Amino acid sequence: MYRALYRKWRPATFEDVVGQAGITTALKNQILHDKVGHAYIFTGTRGTGKTTCAKIFAKAVNCQSRNGADPCGQCPVCTGIDDGSVMDVVEIDAASNNGVDNIRDLRDETAYTPSVCTYKVYIIDEVHMLSTAAFNALLKIMEEPPSHVILFWPPRRSTRCPRRFCPDANAMISPALRLRISRAVCCMWPGRRKSN
């Protein structure tokens, strides 16, 4: 079966990610200390590793036999996430699914617990393409997240997101922790996950 080059050679562990040492260290520390947030916003230009870091993190938090903070890549969960057979890690293209109905469906889906994994991870790629009404529907998930859901937003153009979600570097509207390494920025939504 043919695989695109960017999927074939995409980094599989945090150690494989080049040029984002601060971001990968922060993510690894959260995994190692079991302090996983419920939403992460990665901003940066194309090719800086936003979606790659999100996929590695999704595998690491759900891996059945992790090597430190890195996913093993061999267990059924890791291989299932790689080949797309695990339905608990969902990558959504917001450029083509940008309506309020798409986000309402996602919001309804978050009510269900994961079937195989520990967490349901939603990677909403190109989130800056969502309509204003869709952002408002997404706000409900952000304000009251289920304990089993992790959201990742890797927008290329954070200036097109509402400021309460993706504040710019000069105005800190949202109380988010920002890590700026090379061309990418990582924001972590500050809310702690509720214990089960």
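Because the structure is predicted, anything quoted here is derived from the model rather than measured. We count residues from 1, following the sequence as given.
To the nearest 0.5 Å, atoms CD1 (I141) and CD1 (I124) are separated by 6.5 Å. The SG atom of C75 sits 10.5 Å away from the CZ atom of R66 when rounded to the nearest 0.5 Å. Separating the OG1 atom in T51 from the CG atom in D125 is a distance of 3.5 Å, to the nearest 0.5 Å. Between the CZ atom in F57 and the CD atom in Q30 there is a gap of 5.5 Å [rounded to 0.5 Å]. Going from atom CD1 of I31 over to atom CD1 of I56 covers 9.5 Å, rounded to the nearest 0.5 Å. The distance from the NZ atom of K50 to the CD atom of E126 is 7.0 Å, given to the nearest 0.5 Å.
One hydrophobic cluster holds both V36 and L27 under the rule that ILVMFWY side chains link at heavy-atom gaps under 4.5 Å. Residues V116 and V121 share a hydrophobic cluster, clusters being chains of Ile/Leu/Val/Met/Phe/Trp/Tyr side chains in contact below 4.5 Å. Both I103 and I92 are members of a single hydrophobic cluster when ILVMFWY side chains are connected at heavy-atom separations under 4.5 Å. Clustering ILVMFWY residues whenever any of their side-chain heavy atoms sit less than 4.5 angstrom apart, transitively, puts L106 in the very cluster that holds V90.
When all heavy atoms of A69 and A60 are compared, the closest pair comes out as O-CB, 3.3 Å. V86 and P76 get closest at one heavy-atom pair: CG2-O, 4.3 Å. What you find for L130 and A94 is that their closest heavy atoms are CD2-CB, 3.9 Å. Smallest separation of non-hydrogen atoms from E109 and Y122: OE2-OH, 3.1 Å. Among all heavy-atom pairs drawn from C78 and C63, the shortest one is SG-SG, 3.6 Å. Across Y119 and S147, no two heavy atoms sit closer than the pair CE2-O, 3.7 Å.
Within 6.0 Å of CD on Q74 lie no more than 12 heavy atoms contributed by other residues, nucleotides or ligands.
Between the side chain of H38 and the backbone N or O of E144, no donor-acceptor pair lies under 3.5 Å. Without hydrogens or angle criteria, D70 side chain to N67 main chain gives no donor-acceptor distance under 3.5 Å. Between the side chain of D88 and the backbone N or O of C117, at least one donor-acceptor pair lies under 3.5 Å.
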Does the pair K120 and T110 meet the rule for a side chain to side chain contact (heavy atoms under 4.5 Å, CB included), with working shown? CA-CA 8 Å; K120 280 187 119 167; T110 61; over 6 Å; no
List the steps and the verdict of side chain to side chain contact (heavy atoms under 4.5 Å, CB included) for E15 and K28. CA-CA 10 Å; E15 297 300 320; K28 288 193 296 188; 2.6 Å; yes
Side chain to side chain contact (heavy atoms under 4.5 Å, CB included) between T118 and V61, intermediate numbers included: CA-CA 7 Å; T118 308; V61 296; over 6 Å; no
Could you go through the side chain to side chain contact (heavy atoms under 4.5 Å, CB included) check for K59 and V89 one step at a time? CA-CA 9 Å; K59 283 196 291 186; V89 176; over 6 Å; no
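For the 3.5 Å distance criterion, the side chains of D16 and T13 qualify, holding a donor opposite an acceptor.
R10 meets the side-chain hydrogen bond (donor to acceptor under 3.5 Å, both in side chains) test with T52; sequence neighbours excluded.
Using a 30° and 60° split on the angle between ring planes, F135 and W153 fall in the perpendicular class, above 60°. A parallel orientation is assigned to the rings of Y40 and F152, their planes being inclined by less than 30° (bins at 30° and 60°).
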